[in-house]
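Here's the structure we're looking at; comments come further down.
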Amino acid sequence: MEAALTPPDRVTRKKGAGIFLSPAVIILLIWSLIPLVLTLWYSFQNYNLVDPTLKGFAGVSNYVYLLTDPDFLYSLLNTVLLVLGVLVVSVGGGVLLAVLYDQEFWGRGIARVLVISPFFVMPTVSALLWKNLMLHPIYGVYSAFMRAVGLQPIDWLAQYPMQTVMMIVAWEWLPFAVLILLTAVQSLDHEQKEAARMDGAGPIARFRYIILPHLSRAITVVVMIETIYLLTVFAEISVTTSGGPGVASTNLAFLIFSRALQQFDIGGASAGGVVAIVIANIIAAFLVRAVARNLEA
Amino acid sequence: MAKVELRDIRKTYNAEEIIKGVSLDIENEEFVVFVGPSGCGKSTLLRMIAGLEEISGGDLMIDGARVNDLEPAKRGLAMVFQSYALYPHMNVYRNMEFGLKLAGMPEAERRQKITDVARTLQLDAYLKHKPGQLSGGQRQRVAIGRAIVRNPKVFLFDEPLSNLDAALRGQMRVELATLHRRLKATTIYVTHDQVEAMTMADKIVVLQKGVVEQVGSPLELYHHPRNLFVARFIGSPPMNFLPVTTRSIDPEGVTVARDRGESLLVPVLPGETASAEALTLGVRPEHIVIDPEGDVHGTIRMVERLGALTLLHVTLADDTLLIVQTDGDHGGEIDRPIRLRLQADNCHLFDARGIALTKLTRHRLAR
Ligand SMILES: Nc1ncnc2c1ncn2[C@@H]1O[C@H](COP(=O)(O)OP(=O)(O)OP(=O)(O)O)[C@@H](O)[C@H]1O
Ligand SMILES: [Mg+2]
């Protein structure tokens, strides 16, 4: 009885916990380490699924081939463009919509649900919706509109593939930004806004000097989370343009996919994967530091 | 420096009238305190004067000009909020500067003003601090400083001290009073606190359910409450009330008695009071004297010793409860019988509608 009431000894508890935790830890290690190690291993191998005779240690040739490939640079640029473009649209639009939806107006509840709903649509589905239902040059709603007013519809996905993908992805992420930023806007103390009014701040000054600084933390969080996901956008590209025309809408994730599963070059794809991991980690390091600073303040 | 006039001010929320026609004159340099129970509309009234809440009816005049439709900032007022409402991302200096900057005041002048105000409020050492790094009292000072730098015609305060502990509240109360004497700005102050109202006000406005019950100096309200509500609301511990009936009406006042007999001549004008009418006698705890010859018999039920004072809770034969205030040395014990005398000159009589009968003489301190 006595023993049960005294807290368990620290050391024994640690030992016991170690044993019980080990399955989870081991599975996690296997889960994350083995793919990483294998990817690293493959990236230094000659390994192509369509040419079994090609094998053995490749040195850094996979990397040299990748880094000197103009497609790689192009896809890197596309990745950056996609991340930045979607961030600007979703955060910018998110802030504006959040402030708008903070106001009282008739039907606000329904409007809120509508603005949030795209977030619940699967990426492949929303890409298909945009490709076929909205933007299809013949059957699309947009094209019908254009023809109705006597204009020639633009074939967006063929002519502006990257911008169109960006638009679709932004459409998917805008609700997320609105959701987070709206809760942040609503947490702003009413008396602070009123104090600003007494100080002579009009709507624009209140937005600039009171609301925006109040939102800065929420914005950092949105930027961080979105960046992590936007670096690996794949489904939308695969469904709409397959990275084309040419490599016009190929980002890093899609390039690796096409190397591995369209050209069957496992070695080259693995090298791409390693480069992607390095890039993601650099960005993550910067982001985490920026966020940490912002959350501290 | 300004005169504020309210002319039949009304406020309606969702078809429910919250402020039911308030008319009030606030003189230049006057310190006016709004008091009343929670939910009576004090904040709403203040916010309408500030311009944060639309005025549903009536006219609000500042210095003779109607300002109903003027933006808050254009009315020349400054407000101190209960939550302070400082801008958390700006330091103390920027907090005070914000309004001046928006008003387009040149940099040098801003700096001069803020340094001056910071010195009077002993905030010079904290100008670079963010509000989050300040104590409650310091934040309060910043909020006041932010109001002062703008040099407003009228100061508005909504329960500014209610977030502070008792000691700090006492200190800030004195500081605010001193500040008012120095700045001489018209001030409207909302509070729950009796002591704040009594000590700081030139004029107290007692509100109930959106109606002004009485306006007057603190001692006027204390000595000459107009009705039962004000009598009950002003003074702590509250006034005692006893049901009585009139016995006779004379030029010297109205003689009343409780069921059991003891009669008392209260020096008030009878008004329309008839003989044998049921009235309410009001007497404050400090106006009941313990007297072995006294004609009110009771039993002590509870003793509250406050140090300087002792409060006795006494029940009479018919179970009416009286609170009696006596000095701190009184050795009252629970369940002992006690005899009391009511100071007739300080008693109040209220008719069936709760309206006080006018006293024959005004108290010398109640203008
Ligand atoms: N925005 C609003 N919509 C509807 N009713 C409101 C609104 N603001 C206040 N009221 C109502 O108006 C009445 C007066 O509120 P007010 O805040 O002025 O009270 P108060 O006297 O300041 O009370 P307290 O002493 O508790 O601060 C309350 O009954 C409240 O429910
Ligand atoms: Mg209030």
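Letters go in sequence order (proteins before strands), and every chain restarts at 1.
- Ranked by heavy-atom pairs shorter than 4.5 Å toward chain A, the options B:Gly99, B:Ala147, B:Ala50, B:Ala143 are led by B:Gly99.
- Using a 4.5 Å cut-off between heavy atoms, B:Leu102 touches chain A through its side chain atoms alone.
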Go through B:Asp158 and B:Arg47 one step at a time and tell me if the salt bridge (Lys or Arg N to Asp or Glu O under 4.0 Å) criterion holds. CA-CA 9 Å; B:Asp158 193 352; B:Arg47 291 162 52 79; over 6 Å; no

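- Scanning residues 110-123 of chain B against chain A with a 4.5 Å non-hydrogen threshold yields no residues.
- Atom CG in B:Leu45 sits 12.0 Å away from atom CD1 in B:Ile18 (nearest 0.5 Å).
- At least one cation-pi condition fails for B:Arg141 and B:Tyr126: the charged atom is not both under 6.0 angstrom from the six-membered ring centre and inside a 45 degree cone around its axis.
- There is no side-chain donor-acceptor pair under 3.5 Å between A:Tyr229 and A:Trp173.
- A salt bridge links B:Arg169 with B:Asp193: at least one charged nitrogen is closer than 4.0 Å to a carboxylate oxygen.
- Residue B:Leu77 touches chain A through both its backbone and its side chain, counting heavy-atom pairs closer than 4.5 Å.
- Residues B:His180 and B:Asp202 meet the side-chain proximity criterion, which asks for heavy atoms closer than 4.5 Å.
- Side chain of B:Arg173 to main chain of B:Met200: no donor-acceptor pair is present (N/O by atom type, distance under 3.5 Å, no hydrogens or angles).
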